[in-house]
Structures are given as C-alpha cells and as structure tokens.
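Naming convention: chains lettered A, B, ... in sequence-line order (proteins, then strands); numbering from 1 in each chain. Values below: every heavy atom of this structure, side chains too, minus hydrogens, waters and symmetry copies.
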Amino acid sequence: MVQVTERDLAMVEWLGVVRLAEVDAIRWALGAMLGSAEPISTRKAQHWIMRMVEAGLVARARPTFQGASIVWATHDAVGRQPPNLFRQTTRHEVAVATVSARYLALGYTWQRDRRPISILDHQADGIATREGRAELVEVELTAKSTQRYMHIYENYSTRLAREGVSRVAYYCTADADRVVSREADRFIFRTERQRLVSTIAFDERGHWIGNSLSLTASFSSCSVVQDAND
DNA sequence: AGTGAAATACAGGAGAATCT
DNA sequence: AGATTCTCCTGTATTTCACT
C-alpha cells in the first residue's frame, strides 16, 4: 500500500492549481516541499510520480510530439477534469508550471490570478506571493500583437499603481523578451516601468534555459534599480 | 526489533535528433 | 540509411526511514 504524506497532498494540490507539469517541474516543487531551494533528483521525482499514480492521485502521459512526460492531478484527487494534452495552449501551461515550481523553491506561494473582472482586465498566468508581496507572473513563449500589449500593460499599470501588486515578471523566449520589453517602454509610464521585468528563460522549444538563480538575479537587479531611483 | 515503504544509486532501454 | 548521441524513462538491488 502506498503511503500518502502531507507533503504528497500539498504537491497534488499544487498540481491541481497549475493543471499540468513535466518531471523537471516536479523535481523543483518536491524540493520546495522539503524546504529546499534545490530540486530533487530526476529519479526521485519519477519514483514519486509512480507512487502517486499507484495511489490514484496523479496521472501521466508522454505525448510523442514533445520530450518529457506530462503529469497532472486526477479527477479523484482535485475534482477537476484531466487536461487535454493536445491543445495549443498545453506547452504554455507546462511552461507556467516550470516557472511556478521555481517560485515555490524560493519560498513563494503560488495561486491563479483572479478571473478578469471586466472586459479590459487581463488575467496573468499566476501570482507568486512571499512576505505579503504579490507578484504577477507571465510566461511568454510567443510574442503577442502590439495592440494587445497596449491593453495588457494599461491594465498592469493600474494594478501596479493601485492594487498592491509589487511587480510584474515575464519569463520569455528570446524573441518574446525583445517585444515584451520594447512594448513596455512604449506603453508603461516611467514611474511604473521599472516594476515590470522580463528575462529570457525559455528556448524556442519551450525548454527552460534560465539557471536556477535567474529569478533571484532579476530580483536583485530590480532592487538595485529601485535603490538608484530612491 | 521487525516490517514494509521510501530513498538512493547504478545500469540500461526506447525513441528522437543529429551527423556522416 | 546507418551510426551515434542525447534525453528521458525504467528495473532493480541496497540502504534508510517510520511505524507498530
């Protein structure tokens, strides 16, 4: 019989929030649940997945069109329908989970953003919170149109200025990073501009290429900028 | 102390991508 | 095409851990 611990349940709950994750993200999230900022080994993560599959809490598949196995929490575990792995947005969701797991490892909690409250509102890919500071997180594997950035940034400017959002962080491919930054320069007023940061974290195939420190690195560069302006 | 589950380590296999 | 390399996944033996 498989033993299910508190940590296992916390992991499954997180999987329910992000919907999908690949093994690499599981490594980071499990490390985080052990109180570590480092990922556990791949083998260990795979054993965990096998145990959870046996317990009926997690399901797994390896679509041939992409490298790693995709893992999700079963309907029994979280009461949500299993994700469709063949949708266009699946790669994006997997990438969001990859970023989310690294936030967990840094001691953040992770939630979904609120549903849009108006036609002009924009829903981020997630909210990472630590010590009362909430950060909106976006994963951008392909750049959107200029028009859409105008709307999204207008919305983010408001949330930064009036809704207690401390920062907006983009994790991008090289191409998307260029556009995200350029459009931010155009559309975000200078008093808020420094609080939107973008880093190159994925290659064109959607594989994580940021190092484990890239989140913290962007934090420190952000605070340096703020100090300089204070 | 004894038992079963989990962690760990190492060897190896399948499949895709790349090279010649 | 065939060989090679790479990445991700699996089998299994051994050690560690948790519980009664």
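- One side chain, A:T5 or A:D8, offers a donor N or O that lies under 3.5 Å from an acceptor on the other.
- The interatomic distance linking A:K44 (NZ) with B:dA9 (P) rounds to 8 Å, in whole Å.
- In the 5' to 3' direction, nucleotides of DNA chain C lying under 4.0 Å from heavy atoms of chain A begin and end at C:dC8 to C:dT12.
- Checked by atom type and distance alone, the side chain of A:R167 never pairs as donor or acceptor with a backbone atom of A:V197 at under 3.5 Å.
- Chaining together hydrophobic side chains whose heavy atoms lie under 4.5 Å apart places A:I127 alongside A:L136, A:Y149, A:M150, A:I152, A:Y153, A:Y156, A:L160, A:V165, A:V168, A:Y170, A:V179, A:V180, A:F187, A:I188, A:L196.
- Counting non-hydrogen atoms under 4.0 angstrom, A:R43 reaches a base of the nucleic acid.
- For A:S198 (side chain) and A:S181 (main-chain N/O), no donor-acceptor pair under 3.5 Å exists by modelled atom type.
- Taking a cutoff of 4.0 Å between a charged side-chain nitrogen and a carboxylate oxygen, A:D185 and A:R182 do not qualify as a salt bridge.
- Taking atom CD on A:E54 and atom P on B:dA5, their separation rounds to 9 Å, with Å as the unit.
- Rounded to whole Å, atom P of B:dA6 lies 12 Å from atom CE of A:M50.
- Remark: C1' of B:dC10 and NE2 of A:H47 are 12 Å apart, rounded to the nearest angstrom.
- Side-chain atoms of A:D125 and A:H92 form a donor-acceptor pair, as typed in the model, at a separation below 3.5 Å.
- Distance A:R51 CZ to B:dT8 C1': 14 Å, rounded to the nearest Å.
- Contact annotation: A:R7 does not reach the phosphate of B:dA6 (side-chain N/O to OP1 or OP2, under 4.0 Å).
- Whole-Å rounding puts the A:Q46 CD to B:dG13 C1' distance at 13 Å.
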